[in-house]
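Note on naming: letters A, B, ... go to the chains in the order of the sequence lines (proteins, then strands), and numbering restarts at 1 for each one. Remember, it's a predicted structure, so these values are computed and weren't measured experimentally.
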Amino acid sequence: QKEVEQNSGPLSVPEGAIASLNCTYSDRGSQSFFWYRQYSGKSPELIMFIYSNGDKEDGRFTAQLNKASQYVSLLIRDSQPSDSATYLCAVNEGGKLIFGQGTELSVKP
Amino acid sequence: EAQVTQNPRYLITVTGKKLTVTCSQNMNHEYMSWYRQDPGLGLRQIYYSMNVEVTDKGDVPEGYKVSRKEKRNFPLILESPSPNQTSLYFCASSSRVRVGIRGTGELFFGEGSRLTVL
């Protein structure tokens, strides 16, 4: 059973801090990794994707991938209360997007 | 407006009473999928379809059926619902390129259907 694991949280950070969300995956052959954000009562939406080892930055968001250690992380700089949501890590397994259980992030003003 | 439409949005039913949750997309997407979301378990894939007349099992297909007779529609059928199928269900669609190995992985989700089976 291929798995994607996340700490369910909740993760609480003060406004302006860096939030760090982590995800590990079991299939060493996985090549594509994604972060989705889901606000309470809403549908998930894609915020980042990454294929290559290293960092990928998009505004306040940075995705980090380490294939040797089989983990992918999401950093949110200058966290805002509007970033409070559940963040879902996903891995592409040949057309099947396997999701982790999600990490709930709370940014306190 | 590009969208994925699910119906019903909310449903309370009883054990054993067949029901269908419809899903329709207007983006000409080849790929469609059903997920269920439960607290602490995240999104789990039930079935997916890469194109018309092609369907495959996801991780939790037991108790569900699907069909893909038209590109735009992908209904989820619960032949004999049971209380353990009480959940929030999401339909999603995308292009084959987006869900390919080097695709963006962007799924377009419906608003969700909250199903309660008593």
Side-chain angles (χ1 to χ4, degrees), chain A residues 1-10 21-27 29-52 56 58 61 63 65 67 72 74 85-105, chain B residues 2-6 9-10 23 25 29-51 54-61 66 68 87-114:
Chain A
Q1 176 74 16
K2 297 169 184 173
E3 293 183 346
V4 179
E5 297 285 339
Q6 298 179 251
N7 290 325
S8 58
L21 304 158
N22 299 311
C23 172
T24 59
Y25 58 94
S26 62
D27 186 359
S30 299
Q31 297 185 41
S32 310
F33 308 88
F34 314 96
W35 284 100
Y36 277 75
R37 177 178 61 201
Q38 185 177 22
Y39 291 114
S40 180
K42 300 294 186 182
S43 307
E45 57 180 340
L46 179 72
I47 53 173
M48 289 206 69
F49 59 90
I50 186 168
Y51 312 132
S52 304
K56 179 182 179 182
D58 184 1
F61 297 94
L65 175 61
K67 290 186 178 181
V72 56
L74 180 70
T86 296
Y87 290 81
L88 300 159
C89 173
V91 175
N92 190 334
E93 298 291 345
K96 293 173 57 174
L97 261 67
I98 310 296
F99 285 84
Q101 64 267 52
T103 298
E104 183 183 349
L105 172 66
Chain B
Q3 58 186 2
V4 178
T5 304
Q6 298 178 223
R9 295 284 317 282
Y10 302 91
C23 175
Q25 50 94 5
H29 285 160
E30 302 93 347
Y31 180 92
M32 296 187 75
S33 182
W34 276 102
Y35 288 88
R36 62 177 287 174
Q37 188 171 36
D38 303 288
L41 297 177
L43 283 167
R44 293 181 293 167
Q45 192 172 44
I46 303 171
Y47 272 95
Y48 65 102
S49 170
M50 296 296 274
N51 215 329
V54 179
T55 61
D56 284 291
K57 294 178 181 179
D59 294 315
V60 288
V66 294
R68 187 90 183 273
S87 188
L88 176 61
Y89 291 87
F90 285 103
C91 180
S93 75
S94 189
S95 66
R96 287 182 68 106
V97 172
R98 286 193 180 96
V99 297
I101 293 298
R102 287 289 177 168
T104 62
E106 185 170 21
L107 297 178
F108 297 83
F109 284 88
E111 292 185 292
S113 296
R114 186 167 292 282

Interface moiety of A:Gln38 toward chain B, non-hydrogen atoms closer than 4.5 Å: side chain

Could you go through residues 105-114 of chain B and list every donor-acceptor pair under 3.5 Å that involves a side-chain atom there, pairing it with any protein atom two or more places apart or in another chain?
from: B:Glu111; atom 1: OE1; to: B:Arg9; atom 2: NH1; distance (Å): 3.4
from: B:Ser113; atom 1: OG; to: B:Gln6; atom 2: NE2; distance (Å): 3.0
from: B:Ser113; atom 1: OG; to: B:Pro8; atom 2: O; distance (Å): 2.7

Contacting moiety of A:Tyr36, where chain B heavy atoms sit under 4.5 Å: side chain

Over 12 foreign heavy atoms within 6.0 Å of CG, A:Asn7: no

Contacting moiety of A:Tyr51, where chain B heavy atoms sit under 4.5 Å: both

Note, A:Pro44 side chain near B:Phe90 side chain (heavy atom, < 4.5 Å): yes

Under 4.5 Å from a heavy atom of chain A, the part of B:Leu43 involved: both

Heavy-atom check, side chain of A:Leu97 versus side chain of B:Tyr48, under 4.5 Å: no

